[in-house]
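Notes for the one structure printed next.
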2 protein chains.
Amino acid sequence: MIATERKRGRPRAFDAETGLDIALRAFAQRGFDAVGVADLCALMGVKPPSLYAAYGSKRDLFDRAVARYGAGTAAVYDAAIAQATDLPDLRRRVLTAALDLYLRDAGLGCLVISTLSSTADPDLRDALSDLVAARRAGMIARAIALGATRPEAEAEVMAISVAMMGLSAAARAGLGAEPLRAALDRLI
Amino acid sequence: MIATERKRGRPRAFDAETGLDIALRAFAQRGFDAVGVADLCALMGVKPPSLYAAYGSKRDLFDRAVARYGAGTAAVYDAAIAQATDLPDLRRRVLTAALDLYLRDAGLGCLVISTLSSTADPDLRDALSDLVAARRAGMIARAIALGATRPEAEAEVMAISVAMMGLSAAARAGLGAEPLRAALDRLI
DNA sequence: AGGATAAGATAATGATCGCTACAGAAAGAA
DNA sequence: TTCTTTCTGTAGCGATCATTATCTTATCCT
């Protein structure tokens, strides 16, 4: 633990990391647009000026939540992709890992996908779309490394991506774990 | 054509059916929440009081759009379900029919699924969720009639439903027709 | 023409949005 | 203590939300 030097001025009365987790949960559950600053403040037990001093803006807070989400899930996806032995195995590993993530915390779905398909902000959609495209690119590269042709790889990864969008939406819609796992078994 | 009896009072300056189509497009493209009454008025070339006089409320207008959408798509899905000969054929017929619908008009996605996964209104979500559940129930009944056990039928229909959610989200995200068709081929 | 009826536009309602000016409070530094 | 720095709460900003009261305009019926 780095010796947190005592800072000058009045100390913050809440933990910024805890607040970020709370925001991440709220954003994943209801999407960026549906979570108001007033909601976030109520959940964190904080007034708007404190939230803005700590995080900048609602969008900045969301971006930090996405970064945290990505940091927490990258290892899972990277491992699934790296360990895949062929195209069907890639699909199976990625989709089962994704569904496990989506079902955590009573079915939050994917923060990125959920907001991508629910926000009205074009800038935000573009940014999240880039994230999804980057993840797809990584899977395509791996599929090609496993011997697939580029068209094959692109089609397979698009199929995986579509399935992920469906699983995220279904998990967030409240569909239970067992039905979704049974359904996923049939998509693999 | 029924002889539209001349009504008393000042005649309406716009066509309510055309306006409903415009609203249907806007709702399917951007979701219920993201389309404001001001947007609808601008698209229809109408002022708010006229819109409210013609349709009641934003929610009423949306409900009428959903009814219209359902009336326009029910035949397609009913045919796909009725013509299916076994479980794989049911999936193939329903998903290809769905994707064709989703790709119309530069990728509107499904009005019901798009709004279901983007609105913050719990009442609206419940109503749309019931619509989706009803469609699933129809498919499950057909699957059982085709010889599947109930668990089999439920799992297969859930797989179809998850794929539909993914396809709708993907189409609305702007992914092209050919990549999506290639991906769908791999999910069948 | 004159009255009845209904749709038009203007303009405003209260509520909520993301965000912030301002002043008071709590800490270290002098 | 007094100064400086940084956070906190109050209270409110302008913008936008869905919705509507009011008045004017256009048409039918007598």
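Predicted model, so just to flag it, every value in this text is computed and none were measured. Protein chains get the first letters and strands the later ones, always in sequence-line order, with residue 1 at the start of each.
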Exercise. Under 4.0 Å between any heavy atoms, over every strand shown, what does A/Val37 touch: base, sugar-phosphate, or nothing? Just pick one.
Key: sugar-phosphate
Atom NZ of A/Lys47 and atom C1' of C/dT20 are separated, to the nearest Å, by 16 Å
To the nearest 0.5 Å, atom CG of B/Leu99 lies from atom CE of B/Met164 at 10.5 Å
Here the distance between atom P of D/dC7 and atom CG of A/Leu51, to the nearest Å, is 13 Å
In whole angstroms, the gap separating C1' of D/dA18 from CG of B/Asp63 amounts to 15 Å
| said: It should be established whether A/Lys58 places a side-chain nitrogen or oxygen under 4.0 Å from OP1 or OP2 of nucleotide C/dG18. | reply: yes
B/Arg10 atom CZ is separated from C/dG8 atom P, nearest whole Å, by 6 Å
Nearest-nucleotide check on DNA chain C, B/Gly45 vs B/Gly9; residue mapping nearer the 5' end is B/Gly9
| query | Within 45° of the axis and under 6.0 Å from the centre of the six-membered ring of A/Phe27, does NZ or CZ of A/Lys58 qualify? | reply | no
At 4.0 Å (heavy atoms only), tell me whether A/Ala13 reaches a base, stays on the sugar-phosphate, or touches nothing. sugar-phosphate
Atom CZ of A/Phe32 and atom P of C/dC17 are separated, to the nearest Å, by 13 Å
Distance col, row A/Arg181:CZ vs B/Met158:CE, nearest 0.5 angstrom, shows 13.5 Å
B/Tyr52 OH to C/dT10 P, in whole Å, measures 18 Å
Side chains of A/Asp60 and A/Ser57, donor plus acceptor under 3.5 Å: yes
- Please determine if a side-chain N or O atom of B/Ser50 lies less than 4.0 Å away from the OP1 or OP2 oxygen of C/dG8. yes
note: A/Leu124, atom CG; C/dG18, atom C1'; distance rounded to Å ~ 15 Å
Check your understanding: Salt bridge check: are B/Asp63 and B/Arg59 linked by an N-O gap of less than 4.0 Å?
Key -> yes
Let's test your reading of the model: under 3.5 Å, does the base of D/dT6 pair with the side chain of A/Arg8 as donor and acceptor? no
B/Tyr55 atom OH is separated from C/dA7 atom P, nearest whole Å, by 12 Å
5'-most contact on DNA chain D (nearest-nucleotide basis), B/Pro49 vs A/Ala53, goes to A/Ala53
